[in-house]
Every structure is written in C-alpha cells, then in structure tokens.
Amino acid sequence: MRRRGMPPACSSPALLQAGHGAVQFCFGGANATAMFGGMLKSTPVKEALASTAPRDVILVQGWVRTRRDAKTFSFLELNDGSCLKSLQVIADAALPNYADIQRLNTGASVAIRGKLVASQGQGQKWEVKAEAVDVIGAADATYPLQKKGHTPEFLREIAHLRPRSNLFGCVFRVRSRLAYAIHQFFQDRGFVYVHTPIVTGSDCEGAGELFRVTTLDLQNPPKREDGAIDYAKDFFARPTYLTVSGQLEAEAFACALSKVYTFGPTFRAENSNTSRHASEFWMIEPEMAFCDLQGNMDLAEEFVKHLIRDVRMHCAEDLELFAKFVDKELLPRLDFVLDRPFQRVSYTEAVELLTKSGHQFEYPVAYGTNLQSEHERYLTEQHFKCPVTVYNYPKEIKPFYMRLNDDDRTVTAMDVLVPGIGEIIGGSQREERLDVLQKNMERHQLDPKDYGWYLDLRRYGTVPHSGFGLGFERMLMFVTGVANIRDVVPFARTPGNAAF
RNA sequence: UGCCCGGUAGCUCAGCGGUAGAGCAGGUGACUGUUAAUCACUUGGUCGCUGGUUCGAUCCCAGCCCGGGCAGCCA
C-alpha cells in the first residue's frame with residue numbers, strides 16, 4: 001500500500017489497484033481504525049467511479065444519500081462531494097451490524113471497506129461490495145435534506161447542510177474551479193497577484209456605502225471638544241472601513257510591476273435587495289500599465305471566454321446538472337459566447353440603437369443618463385443576444401478616475417453586459433494626466449488631500465493604465481445559470497442576513 | 001429603500017367565514033439487483049405574529065415579521 005498519493009499522470013494499472021491516489025486515512029473512531037487496521041487509505045468516490053479495473057480492497061467514506069433494501073441486502077448511495085455522482089454500495093444481510101445498516105437514513109456518515117466490482121445492475125459501471133460498514137454518524141428523521149428535490153429558497157435556510165445537496169455540491173465545486181482558473185489565467189500571462197488591504201482609511205472611493213471598522217465603544221465613544229466622535233482614539237487613529245474596491249491600490253502596484261491583479265473579498269453596505277447583489281462578495285481587479293481602453297476591453301473579453309472554456313472543460317458533469325435542472329439554455333448560451341466576439345458599442349451608439357429600436361421601455365432612453373437595467377438587458381438579450389461591451393460614457397455619470405476623452409464629454413469607461421445578469425464587468429482607462437485628474441477631482445468635489453498618494457502616481461513616472469472589476473459571483477452565476485447570487489456564496493451576507 | 005406576490009404537516013402545495021387535505025419524507029408490513037424503487041396501512045398542524053370585524057377567522061381588514069420577484073445603487 002502506498003503511503004502517499006501521486007498525480008494521476010504517474011499512475012499505472014498496478015498502482016491503481018493498490019489504492020493509488022488515495023487520500024490519507026483519517027477517521028475519528030477508534031473502533032473504525034481497529035476494524036480497518038488503520039492502514040488502508042480511502043479512495044474518493046470520483047476516483048472509484050473512474051476505475052479502469054476492479055479492486056480487491058477499497059475504502060470509501062462519505063454520506064448516505066439514500067438506502068434501498070432488497071431481500072438479502074441493502075443498496076447504499078454513498079456521496080463524498082468529490083463529484084456529483086454517488087457510489088452504489090451493496091451491504092449484505094450477513095454483515096454483523098446489518099440491523100444498524102438498515103437504520104441508516106439519508107445524511108448518515110459511513111466508512112465502507114470492500115471490493116470494487118463491476119455492477120450487476122443498470123445505471124452504474126462500478127459498485128462496492130461491502131465487507132465492513134462502519135456507521136460513523138447517524139442521521140435521524142429530522143435531517144432536513146430529502147432524496148427529493150428542494151427549492152433553493154428552503155436550502156438557503158440550511159446553508160450549513162445545503163452543500164450536501166446535488167445542486168449546491170455542483171455550485172461549490174464549480175466555484176472552486178472558477179477561482180483556480182482565474183489565477184491560472186493571470187499567472188500564465190505574467191500578472192502579479194497583489195493583496196490589497198481589506199481595511200481602508202479612505203471613505204471616498206466612490207463605489208457605494210461602506211461598513212465602518214472600529215473598536216470604539218459604541219455606547220460611550222470618546223468625544224472631541226466640539227462633541228464629535230474622536231476617531232484619533234480609534235484603533236487605527238482614524239476612521240476606517242471595509243474595502244469597496246482594491247483598484248486604487250492596484251494602480252500603485254501596476255505602476256511598478258506593470259501587470260497585476262487582485263482577487264479578494266469586497267464589502268458594500270448598500271441596502272440592495274436583488275438577486276445579483278451581496279454585501280460581501282469577491283471581486284477580481286486586473287490593472288495594467290501601458291494599456292489603453294482597447295487593450296482593456298480585449299483582456300476582459302479574453303478573460304471571460306477563458307473562464308467559460310475552463311469550466312466547460314473541467315466541470316462538465318456539474319454543468320450538465322445545471323443544464324438539466326436550472327437553465328435549459330445554459331450550454332448553448334455558453335458555447336454561443338465562446339464562438340463569437342463580444343459586440344462593442346459606444347454609449348452614444350447604444351443610446352441611438354435603443355432609441356431607434358421602437359421598443360417600449362418603462363424608463364425613457366436619454367443621452368446623459370445611466371442605462372437602466374431594462375436597457376442593458378435589451379441590448380444583450382434581445383438585440384445582440386450575446387455579451388456586449390459598452391464604452392465611452394458621459395463624464396457626468398462616471399467616477400473621477402476615468403480618463404477624459406478628447407471630445408471633453410466622455411470618459412473611457414467600459415461595461416461588459418451579459419444575458420441574464422446584466423453588468424458583469426466595469427472598468428476604464430485611468431486618468432494619467434495630473435492636471436486633468438486634479439480637475440476631475442474638483443468637479444467631483446473631492447479633496448486632493450485625501451488622495452495624496454494616488455496623485456503621486458501621476459506626479460512620478462505616470463503611464464497610461466487600465467483595469468476593470470469582475471464580480472466573481474456574477475461570473476459564477478453566468479457559468480452555472482443559477483439566478484440568485486445568494487445561491488453561489490457558501491454563506492451569503494445580504495442586508496438583514498448574516499446567519500451562520 | 002420603493003412597487004408587486006407569497007407565508008397552511010419536515011418538504012412542495014391545494015383549500016375555505018362553520019376548528020384542515022394531498023403528494024413526498026418519517027413509522028409499520030409486504031415485495032424486490034434496486035437506483036427519486038413499488039404496494040398497503042400509519043404518525044404528524046398554535047394554518048407566520050399581534051390586534052380588529054364577526055355568533056364564529058386559517059379564510060375578511062390593519063400593523064408587524066419573514067421569504068420571493070422587479071427597480072434603484074453596482075460587481
């Protein structure tokens with residue numbers, strides 16, 4: 001028996017039979033160790049199902065999805081989350097603890113030692129003929145998950161148990177893979193991963209309401225002479241907040257390491273109650289020196305396509321479940337997006353297009369105002385039927401750091417809109433000209449004193465640079481078809497809800 | 001935060017001004033290489049909370065709480 005797993009690429013049939021690739025055998029119970037000798041390493045269900053030959057000895061561990069009793073034995077469906085599928089186990093009535101096995105309900109945890117054999121029944125290639133079934137943790141009738149389907153709304157209330165359901169197992173496996181693909185994309189292209197701060201002293205980042213971070217006694221805060229709260233006595237000797245964006249800090253690093261990205265948690269204290277807003281979410285923010293808006297839009301498109309292609313390839317089984325039970329159009333839509341270039345239209349063109357569409361909108365389309373959700377959806381879902389990059393927005397409706405175009409009316413903003421979700425990426429070329437940036441700040445009534453270090457980036461060796469933010473959960477929603485952001489976050493934080 | 005819809009068994013829902021039903025889950029039994037197994041029987045409810053109208057409210061009304069959808073804010 002091998003003591004350590006090796007990458008599958010190194011495997012041979014002989015090693016596979018010997019339980020190769022198994023994880024460390026690590027159970028809690030002393031009797032379990034006694035029963036199985038403590039030497040046998042467990043095999044993930046995923047690997048057992050992918051076997052190319054029977055195995056004389058196998059140890060599998062997981063949770064019972066369902067039990068079906070036959071005349072002289074029971075079928076157990078064992079799931080360990082390594083993949084969507086469960087492993088069928090045959091537990092013979094001759095087993096010494098068969099009475100206990102017949103009391104196994106959905107949700108119970110077991111360790112099973114036996115032989116991996118070709119299944120006699122239809123529907124699966126392999127099954128385990130159990131020689132020992134160790135009941136590790138029983139689950140009684142109050143276990144909330146049933147074999148039958150549950151609504152996502154119900155499962156949300158049992159967030160600690162929902163990863164044991166098929167749907168959420170798939171969601172969180174894909175979430176993991178998507179995070180991996182993000183790092184891979186940037187690392188392969190020479191981007192440096194930067195950890196921007198989560199606690200920030202800037203309350204004027206211009207991206208929504210902030211959560212305050214403090215150790216002051218809210219019942220009795222220290223006061224200054226004038227009666228205001230004395231933040232000089234707070235932990236950081238100033239007011240601090242949770243970050244709403246790592247962009248400004250990423251710009252500093254891009255203006256040194258050339259190509260950087262951040263990938264971390266982001267917090268917005270907006271009282272948003274929609275299917276696509278969370279108070280705590282993860283955002284990816286690449287920032288590139290010597291890069292204009294074109295290069296930025298190119299990267300955004302390449303990035304989105306890379307992520308779709310990666311998940312399509314590595315999470316095929318999970319995506320099949322979404323295609324079957326969540327969104328029938330998912331796979332055609334993902335392939336459609338991969339197959340063609342994103343449509344690019346300027347804000348001005350988009351407004352013209354919407355005006356001429358003849359479509360009746362609840363909110364009128366007018367130059368100089370933000371595109372409403374219904375407008376964005378019309379563009380991406382009705383008109384182009386694919387992702388759309390809208391660029392060059394009027395300067396009045398965008399933040400101070402976006403680069404002013406030569407027309408003096410628009411800034412180099414860009415939003416990527418996708419069907420079903422709307423805005424998934426927001427970005428821009430940044431204003432690199434010190435004097436123009438200072439004028440922008442004046443126009444936005446920002447105090448330059450609060451942005452000393454940010455202005456320094458333009459004072460010393462300034463360069464054109466660009467970047468964008470991708471909402472990680474929104475991307476996950478797009479690739480899974482899951483319609484509510486609360487269902488792609490392990491333990492979602494939304495207004496009025498921070499349970500678990 | 002605004003508008004709309006909903007809250008009845010563990011889950012999904014039906015119902016109704018006269019004190020409550022189905023399917024699934026659970027239990028018991030039968031049958032069976034089953035696979036959301038099947039069949040029979042069966043346990044299970046402060047009808048979200050508070051107040052009001054009424055002889056009587058799960059049903060009608062008001063307020064509140066919770067959930068969902070849409071909108072705004074944005075990623």
Side-chain angles (χ1 to χ4, degrees), chain A residues 65-78 85-92 103 105-107 117-124 127 129 139-158 165-166 205-209 244-247 263 265-285 300 325 361-363 369-377 397-399 413 415-418 421-427 468-478 483-488 494-497 499:
Chain A
R65 279 297 174 80
T66 176
R67 191 197 78 242
R68 294 179 293 272
D69 293 332
K71 194 167 190 175
T72 58
F73 59 91
S74 288
F75 295 101
L76 300 177
E77 292 285 340
L78 186 79
K85 288 203 176 75
S86 297
L87 179 63
Q88 178 161 286
V89 174
I90 311 296
D92 197 89
R103 278 196 295 274
N105 285 327
T106 305
V117 299
S119 177
Q120 294 174 34
Q122 301 291 310
Q124 61 279 317
E127 65 190 20
K129 186 110 175 59
D140 67 15
T142 61
Y143 183 66
L145 287 169
Q146 297 167 16
K147 307 177 203 180
K148 247 186 124 171
H150 288 290
T151 60
E153 291 79 14
F154 168 68
L155 291 169
R156 230 173 264 160
E157 291 166 14
I158 48 168
S165 69
N166 283 340
E205 294 183 27
E209 298 290 315
V244 293
S245 165
Q247 181 202 312
F263 181 15
T266 308
F267 306 88
R268 306 241 170 122
E270 299 286 348
N271 192 5
S272 296
N273 232 309
T274 80
S275 57
R276 56 189 195 286
H277 288 85
S279 311
E280 176 182 324
F281 63 99
W282 284 57
M283 188 158 62
I284 301 103
E285 295 179 288
F325 295 112
F361 292 107
E362 191 183 337
Y363 296 91
T369 62
N370 273 306
L371 293 179
Q372 300 288 314
S373 222
E374 57 171 345
H375 304 148
E376 296 181 343
R377 292 183 64 158
I397 58 174
K398 289 293 181 183
D415 286 351
V416 177
L417 316 174
V418 296
I421 291 160
E423 186 179 340
I424 197 167
I425 283 177
F468 61 81
L470 171 83
F472 179 62
E473 282 81 6
R474 288 193 182 171
M475 188 65 206
L476 188 54
M477 291 166 73
F478 187 68
N484 196 309
I485 198 166
R486 296 169 182 87
D487 296 331
V488 298
T494 51
N497 201 337

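Lettering follows sequence order; numbering is per chain, from 1. Values below: all heavy atoms of this structure, side chains included; hydrogens, waters and symmetry mates excluded. These numbers come from a predicted model, not from an experiment.
Rounded to a whole angstrom, the distance from the C1' atom of rU8(B) to that of rC59(B) is 11 Å. Rounded to whole Å, the P atom of rG72(B) lies 49 Å from the corresponding atom of rC55(B). Spacing of P atoms, rU19(B) relative to rA25(B), comes out at 31 Å, to the nearest Å. Distance noted for atom C1' between rG23(B) and rA14(B): 11 Å (whole Å). With C1' as the reference atom, rA22(B) and rC60(B) are 26 Å apart, rounded to whole Å. Comparing the P positions of rG7(B) and rA75(B) gives an interatomic distance of 37 Å, to the nearest angstrom. Atom P of rU12(B) sits at a distance of 15 Å from the matching atom of rG67(B), rounded to the whole Å. When the P atom is compared between rC64(B) and rG10(B), the two are found 28 Å apart, to the nearest whole Å.
Listed nucleotides: rA37(B), rG72(B), rG33(B). Nearest to the side chain of F73(A): rG33(B). Closest approach to the Q124(A) side chain among rG68(B), rA75(B), rG33(B) is made by rG33(B) (side chain taken as heavy atoms from C-beta onward). When the nucleotides rG67(B), rG33(B), rA37(B) are ranked by their closest atom to the side chain of S119(A), rG33(B) comes out on top. Checking rC70(B), rA75(B), rU34(B) against the side-chain heavy atoms of E423(A) singles out rA75(B) as nearest. With distances taken from any side-chain atom of T151(A) to the nucleotides rA71(B), rU12(B), rC70(B), the minimum falls on rU12(B).
Going from atom CZ of R67(A) over to atom C1' of rG27(B) covers 12 Å, rounded to whole Å. Between the C1' atom of rA71(B) and the CZ atom of R377(A) lies a distance of 11 Å, rounded to the nearest Å. One can place CZ of F154(A) at 12 Å from P of rA9(B), the figure rounded to the nearest angstrom. The distance between atom CG of N484(A) and atom C1' of rC70(B), rounded to the nearest whole Å, is 13 Å. Nucleotide rC3(B) holds its P atom 14 Å from the CG atom of N273(A), rounded to whole Å. Rounded to whole angstrom, the span from the NE2 atom of H150(A) across to the P atom of rA25(B) amounts to 11 Å. Taking atom CG of residue D487(A) and atom P of nucleotide rG67(B), one finds them 13 Å apart after rounding to whole Å. In this structure, CG of L155(A) is placed 17 Å from P of rA25(B), rounded to the nearest angstrom.
Applying the 3.5 Å distance criterion, the base of rA75(B) shares no donor-acceptor pair with the side chain of R276(A). If you check distances only, the side chain of R474(A) does reach the base of rC74(B) with a donor-acceptor pair under 3.5 Å. A donor N or O paired with an acceptor N or O is found under 3.5 Å between the base of rG10(B) and the side-chain atoms of Q146(A).
Between the side chain of E280(A) and the backbone N or O of P265(A) there is no donor-acceptor pair closer than 3.5 Å. Within the 3.5 Å criterion, the main-chain N or O of E423(A) finds a donor-acceptor partner in the side chain of R474(A). Remark: side-chain polar atoms of E209(A) are not paired, donor with acceptor, to backbone N or O of E270(A) under 3.5 angstrom. Without hydrogens or angle criteria, H375(A) side chain to F361(A) main chain gives no donor-acceptor distance under 3.5 Å. Between the side chain of E473(A) and the backbone N or O of W282(A) there is at least one donor-acceptor pair closer than 3.5 Å.
Counting heavy atoms from C-beta outward, L155(A) and D487(A) have side chains that stay 4.5 Å or more apart. Counting only heavy atoms from C-beta outward, the side chains of N166(A) and R65(A) approach each other to under 4.5 Å.
Among the protein residues, E153(A) comes within range of the sugar-phosphate backbone only, with heavy atoms under 4.0 Å from sugar or phosphate atoms but none that close to a base. Here E77(A) lies in heavy-atom contact (under 4.0 Å) with a base. Using a 4.0 Å heavy-atom cutoff across all strands shown, Y363(A) reaches sugar-phosphate atoms only and no base atom. Among the atoms of the strands shown, none is found under 4.0 Å from any heavy atom of E280(A). Here T274(A) lies in heavy-atom contact (under 4.0 Å) with a base. Within 4.0 Å of S373(A), counting heavy atoms only, lie sugar-phosphate atoms of the nucleic acid but no base atom. If you check every strand for non-hydrogen atoms under 4.0 Å, I421(A) touches nothing.
Aromatic stacking is not marked for F75(A) over rG33(B), as the cut-offs of 5.5 Å for the centres and 30° for the planes do not both hold.
For rG29(B), the paired base is rC39(B) (Watson-Crick or G-U wobble, both distances below 3.5 Å). Nucleotide rC60(B) has rG52(B) as its partner under the Watson-Crick or G-U criteria, with both atom distances under 3.5 Å. Base pairing of rU34(B) is not made with any nucleotide, judged by Watson-Crick or G-U wobble geometry with both donor-acceptor distances under 3.5 Å. rG17(B): no Watson-Crick or G-U partner with both key distances under 3.5 Å is found in any strand. Under the Watson-Crick and G-U wobble criteria, each requiring two contacts below 3.5 Å, nucleotide rC24(B) is paired to rG10(B). A 3.5 Å limit on both hydrogen-bonding distances identifies no Watson-Crick or G-U partner for rU46(B). In this structure rA71(B) sits in a base pair with rU1(B), meeting the Watson-Crick or G-U test at under 3.5 Å.
Applying the 90° cutoff around 0 to the glycosidic angle, rU19(B) is assigned syn.
Scanning all heavy atoms of the two residues, the minimum distance from A139(A) to G107(A) falls at CB-C, 3.5 Å.
In terms of phosphate contacts, R68(A) brings no side-chain nitrogen or oxygen within less than 4.0 Å of OP1 or OP2 of rU38(B). Side-chain nitrogen and oxygen atoms of Q372(A) include at least one within less than 4.0 Å of the OP1 or OP2 phosphate oxygen of rG72(B).
Nearest-nucleotide positions on RNA chain B for Q88(A) and P144(A) put P144(A) closer to the 5' end.
In this pair, F154(A) and H150(A) present their aromatic rings tilted. The plane angle is within the 30 to 60° band.
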